[in-house]
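Remarks on the structure that follows.
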Amino acid sequence: MTEKLALITGASRGLGAALAQVLSSKYHILAVGRTTGALEDLDDRLKQTGGAATLAPMDITVPEAMATLCRGIYDRWGKADLWIHCAIHAAPLSPADHISPKDWQKSIDINATALSVLIPYVAPLLGQSGKAVFFDDPQISQNDGKFFGAYGASKAAQMALVRNWQNESLNTGPQVKILTPPPMPTGLRARFYPGEDRTVLTAVTTAAQDLLPEILAP
């Protein structure tokens, strides 16, 4: 197949879903997420605007599922042109001495370990000319270092891995981009700031449109 493929992990809601919509005019979207109903809703929206998607209701923390996903990409498309990683877990805010083992492990599994599995799987599909896009989160360093321990530590581990891959692939490809979206009224942010005025935040659709030139830039 000659159509361009955009793999979006964490595509069921929030920024991932919004990016799927704005990219669907240029790419076939392979939407990965855990919630089948949300992926089906996304598929309906893409079809209404002439886009097309392949839905992959999968858990990124299951290596066997990700291996099957990437093998399927290779068998059908031969490659991936773009990978956008939006999957993230927001553990409840907690003092460091009260973080539950369950919340800590889930944060590490989703935010860090899953990515350490995905990068080796997806990199060969991207080859030298593909792009991988990740998103930094300045709020982990702008909260005076309080109560973000599980999220902050796992997100920092994620970004350390991504920055190393970015530096290592400068001369060989794929291109690895790290972008910083504005504060958005997502479910993730609501867990951290439940009382804030969400009307002053940037809508996810607006953020996706604003990020699109950076994603598509050479």
Side-chain angles (χ1 to χ4, degrees), residues 6-27 29-35 38-39 41-42 45-46 51 53 60 80-91 93 107 110-112 114-115 118-119 122 126 130-144 147-148 150-166 174-218:
L7 167 64
I8 304 180
T9 39
S12 56
R13 296 186 178 89
L15 183 60
L19 286 170
Q21 289 188 259
V22 300
L23 286 164
S24 62
S25 63
K26 301 179 182 297
Y27 295 86
I29 304 298
L30 180 50
V32 180
R34 288 183 298 173
T35 308
L39 290 176
D41 289 342
L42 172 63
R45 295 195 298 273
L46 296 185
I60 66 167
D81 300 280
L82 176 64
W83 173 28
I84 298 180
H85 185 67
C86 295
I88 195 74
H89 175 64
L93 296 181
S107 298
I110 296 175
N111 299 343
L115 193 59
L118 275 166
I119 289 176
V122 178
L126 295 173
K131 295 179 186 176
V133 181
F134 303 90
F135 300 97
D136 202 358
D137 190 349
Q139 74 179 354
I140 65 174
S141 60
Q142 295 176 354
N143 58 75
D144 298 324
F147 310 121
F148 280 76
Y151 173 74
S154 57
K155 184 65 178 179
Q158 179 190 90
M159 296 314 301
L161 180 60
V162 169
R163 288 192 176 93
N164 276 267
W165 188 30
Q166 182 182 53
Q175 185 181 19
V176 179
K177 295 189 174 187
I178 300 172
L179 306 181
T180 303
M184 300 169 290
T186 60
L188 181 146
R189 186 174 177 89
R191 297 193 71 177
F192 294 151
Y193 304 104
E196 75 175 338
D197 181 4
R198 292 168 68 85
T199 63
V200 303
L201 303 177
T202 303
V204 289
T205 52
T206 301
Q209 289 284 1
D210 291 345
L211 289 165
L212 188 60
E214 295 183 81
I215 292 172
L216 298 180

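When a residue number appears, it is its place in the shown sequence, counting from 1. Nothing here was measured: the structure is a model prediction, and the numbers come from that model.
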**OP:** May I ask you to check whether F192 and F148 place their ring centres under 6.0 Å from each other?
**Re:**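 Yes, the ring of F148 comes within the 6.0 Å limit of the ring of F192, centre to centre.
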Flag, side chain of [X] to backbone of [Y], donor-acceptor distance under 3.5 Å:
X: Q158; Y: A112; result: no
X: T206; Y: T202; result: no
X: K131; Y: K177; result: no
X: D136; Y: L179; result: no

Closest non-hydrogen atom pair between [X] and [Y], with its separation:
X: M184; Y: A207; result: SD-CB, 3.5 Å
X: T186; Y: V204; result: CG2-CG1, 3.6 Å
X: L161; Y: L115; result: CD2-C, 4.1 Å
X: S154; Y: N111; result: OG-ND2, 2.9 Å
X: L46; Y: A20; result: CD2-O, 3.7 Å
X: I60; Y: A87; result: CD1-CB, 3.6 Å

Measuring only between side-chain heavy atoms, which start at C-beta, is [X] closer than 4.5 Å to [Y]?
X: L126; Y: D81; value: no
X: L23; Y: L216; value: yes
X: L7; Y: L82; value: no
X: H89; Y: K155; value: no
X: S107; Y: Y151; value: no
X: Y27; Y: I8; value: no
X: I178; Y: V162; value: yes

Original post:
Stepwise, does the side chain to side chain contact (heavy atoms under 4.5 Å, CB included) test hold for I110 with I88?
Top reply: CA-CA 6 Å; I110 296 175; I88 195 74; 5.7 Å; no
**OP:** Could you check whether the rings of F134 and W165 sit parallel, tilted or perpendicular, using 30° and 60° as the cut-offs?
**Re:**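 Rings of F134 and W165: perpendicular, over 60°.
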**OP:** Mark yes when over 12 heavy atoms from residues, nucleotides or ligands other than K26 sit less than 6.0 Å from its NZ; otherwise mark no.
**Re:**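 Open: at most 12 neighbouring heavy atoms sit under 6.0 Å from NZ of K26.
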Original post:
Above 12 or not: heavy atoms from other molecules or residues under 6.0 Å from CZ of R34?
Top reply: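 12 or below, so no.
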Subject >> Gap separating the CD1 atom of I84 from the CG atom of L15, nearest 0.5 angstrom >> reply: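 Rounded to the nearest 0.5 Å, the CD1-CG separation comes to 8.0 Å.
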Original post:
When rounded to the nearest 0.5 angstrom, what is the spacing between CG in L188 and SG in C86?
Top reply: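 It comes to 11.0 Å.
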Subject >> Partner residues of E196 under the salt bridge (Lys or Arg N to Asp or Glu O under 4.0 Å) criterion, sequence neighbours left out >> reply: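 With neighbours one apart ignored, the set is R189.
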**OP:** May I have all residue pairs that pass side-chain hydrogen bond (donor to acceptor under 3.5 Å, both in side chains) and include part of residues 9-23, sequence neighbours excluded?
**Re:**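 Residue pairs with at least one partner in residues 9-23: T9-W83, T9-H85, R13-T35, Q21-R45.
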